[in-house]
2 protein chains.
Amino acid sequence: VSGELTVSVDAMGGDAGPGVVLAALARSIVRHPTVRFLLHGDEALLKPLLARRAKLKARAEIRHSAERVRMDEKPGQALRRGRNTSMWRALESVAKKEAEVAISAGNTGALMAMSMFQLGVIEGIDRPAIAALWPTKRGQTVVLDVGANIGTDAQQLVDFAVMGEAFARAILGLERPKVGILNVGAEDVKGNEAVRGAAQILRSANLPMEFLGFVEGDDISEGTADVVVTDGFTGNIALKTAEGIASLIMFYLRSALRRGFLSRLGALIAAGAFRALRRKLDPRAQNGGIFLGLNGVVVKSHGAADALGFASALDMAVDMARTKIIPKIASDRAMVAPLFQAAGNAGAAAT
Amino acid sequence: VSGELTVSVDAMGGDAGPGVVLAALARSIVRHPTVRFLLHGDEALLKPLLARRAKLKARAEIRHSAERVRMDEKPGQALRRGRNTSMWRALESVAKKEAEVAISAGNTGALMAMSMFQLGVIEGIDRPAIAALWPTKRGQTVVLDVGANIGTDAQQLVDFAVMGEAFARAILGLERPKVGILNVGAEDVKGNEAVRGAAQILRSANLPMEFLGFVEGDDISEGTADVVVTDGFTGNIALKTAEGIASLIMFYLRSALRRGFLSRLGALIAAGAFRALRRKLDPRAQNGGIFLGLNGVVVKSHGAADALGFASALDMAVDMARTKIIPKIASDRAMVAPLFQAAGNAGAAAT
């Protein structure tokens, strides 16, 4: 099987199982006619599933692995015992340059730990980040980090800004993305040392972006910035809080529309509009996390994703490989390195 | 003028001005027939406004102050130069025991700084917090801190838990409120040192509450806990992110309901349901912040609140004074003090 681009697939990851993964790939081959797949997982399960999909079969190769990473497994444990898992093997194909991209709907923490171990991080980047695409009034905004890192200093926040900016240019097609740091107020004096230090460095950096300074929580959905930079603790809580509020509002809306005959009738008539709204708010549409900062392209599909969700994560992975995002991050990171040294010296001089 | 309870009012605070404040008080006297008011502000403005409200006039006393704190003023600056402002004088009445409660719709930071300076904090509490009432699927949840403190350690988070628990018992009428600490996962090993340390202390504390351990962002709107404890940085960002998502969803909903004849018709018919939803999501209904940990009751009404919003903040202030929340916080705080010493000694022994 040959192709312009090879995607290495963890066919066993996620709650949905290999049936959903293969259905997603069957969708994808229509959109990506030159992509081939390496399917990592239990051959006994995958073979009959693939046999039923002739077109996909011509473009896919099964690579047997006996084990899988459980969704509730600790990352460290998965890393130690997981060399025979479909997740490990999927990443190994990227590490060995057999594939350009890896995709999994499995355990996020394990996928990040195995990715760091096998692929390493981009020169200069301290720790990779997980980015999320957030729907806004103006389109979408990249928010990072949303879960990988607890306790982040100024330099790591600058790294996140570089990675987010490179992603926005490569994938969202923006020439000079607007970048903001998430804070509790827009004034320079607000926030902790990390956000103030990062803002100072980014103000003097000559990166291909427009640095907005600080933005607040409500700016994310407003679409004020194309990239919102934050530490993984706050980012994860902001993302889950947002999911919670969306769920609460749908709950309110449903109960409001059940109250009284006129409301029911109105809801019935406007059913199409509500379906459209639900689709907008559907986490499967945004779907999972984009791993940035690794020396290799890895995309995490939502664990509960259906075929549509997995296929959209796969689109993202293919885009990231094609637009060569990794060298972009590496060169922008090299550009800010002297500023880190300057900030470090200034800090040392002040003490 | 005599009454069971005296409320000291900053009549000049907020964007809306004294007209709105007096309209709110006129509403309140119906609900609180034994409350009297001290109105701090510009006498030349307040006198004619009060003259038009005979019932309120019989229960209110104007205390002239020539200046006011601006909404964009730095807290430190307001504190230094603000002794003749309506905000300072409103708090002074509480400090001098002329009133049981102070209320202001003005500059939050300045109000907190002046409150700490004039009223002091409850014995043992390191820093006061601002609590918000968050609408949930099951009712409402107290979230704190939502803005006062940047950089919080384990003991301060425990203080917040104590204050939140006391508030939930006193104001929400819950016997053993469920308390959770906001984190990026429910497992014990997740998060930073502060949240893990606080959880350890709260697990061994014998407080009048049910400690749930860690909760995640989506648990807030779910109503999993009655009290959600977090540092001011994360809490402020979570709150504003939630406001942003609510605004985004209303934006989506409006545009979905304008698309096509049937959707428009449905929306028209179900208009009442949408009005009810908007009311639920209206920040004026939740309205501002509750200051906890001070040696005096201070409530901050939303800066843009109308008479309805200010009146609801006033209800909260009256409830807090009547239920004697301050001694409740003080006695529960005294109960956990030995655990702090134990944790401190364990920490010292470990190093």
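Values reported hereafter were calculated over all heavy atoms of this structure, with side chains retained and with hydrogens, waters and symmetry mates removed. Lettering of chains follows the sequences in order, A, B, ..., and the numbering in each one begins at 1. Bear in mind the structure is a predicted one, so any value in this text is a computation, not a measurement.
- With rounding to the nearest 0.5 angstrom, the NZ atom of B:Lys190 is 8.0 Å from the CG atom of A:Asn236.
- Most heavy-atom pairs under 4.5 Å with chain A, from the set B:Leu182, B:Asp218, B:Leu239: that is B:Asp218.
- Side-chain atoms of A:Thr136 and B:Phe251, non-hydrogen and from C-beta on, never get closer than 4.5 Å to each other.
- Proximity to chain A among residues 226-235 of chain B is limited to B:Asp231, B:Gly232, B:Phe233, B:Thr234, judged by heavy-atom separations below 4.5 angstrom.
- Only the side chain of B:Ile150 comes within contact range of chain A, judged by heavy atoms closer than 4.5 Å.
- The shortest side-chain heavy-atom distance between A:Ser221 and B:Glu243 does not fall under the 4.5 Å cut-off.
- The NZ atom of A:Lys137 lies 10.5 Å from the CE atom of B:Met250; values are rounded to the nearest 0.5 Å.
- In this structure, B:Glu222 CD and A:Ile245 CD1 are separated by 11.0 Å, a value rounded to the nearest 0.5 Å.
- Between B:Glu216 and A:Ile237, every side-chain heavy-atom pair lies at or beyond the 4.5 Å cut-off.
- More than 12 heavy atoms of other residues, nucleotides or ligands sit less than 6.0 Å from atom CD of A:Gln77.
- B:Ile249 approaches A:Ala246 most closely through the heavy-atom pair CD1-CA, 3.6 Å.
- Residues forming a side chain to side chain donor-acceptor pair (under 3.5 Å) with B:Thr141 (at least two apart in sequence, or on another chain): none.
- For chain B, the option among A:Ile220, A:Asn192, A:Thr241, A:Val195 with the highest count of heavy-atom pairs below 4.5 Å is A:Thr241.
- Rounding to the nearest 0.5 angstrom, the gap separating the CD atom in A:Glu187 from the CG atom in B:Asp72 is 9.0 Å.
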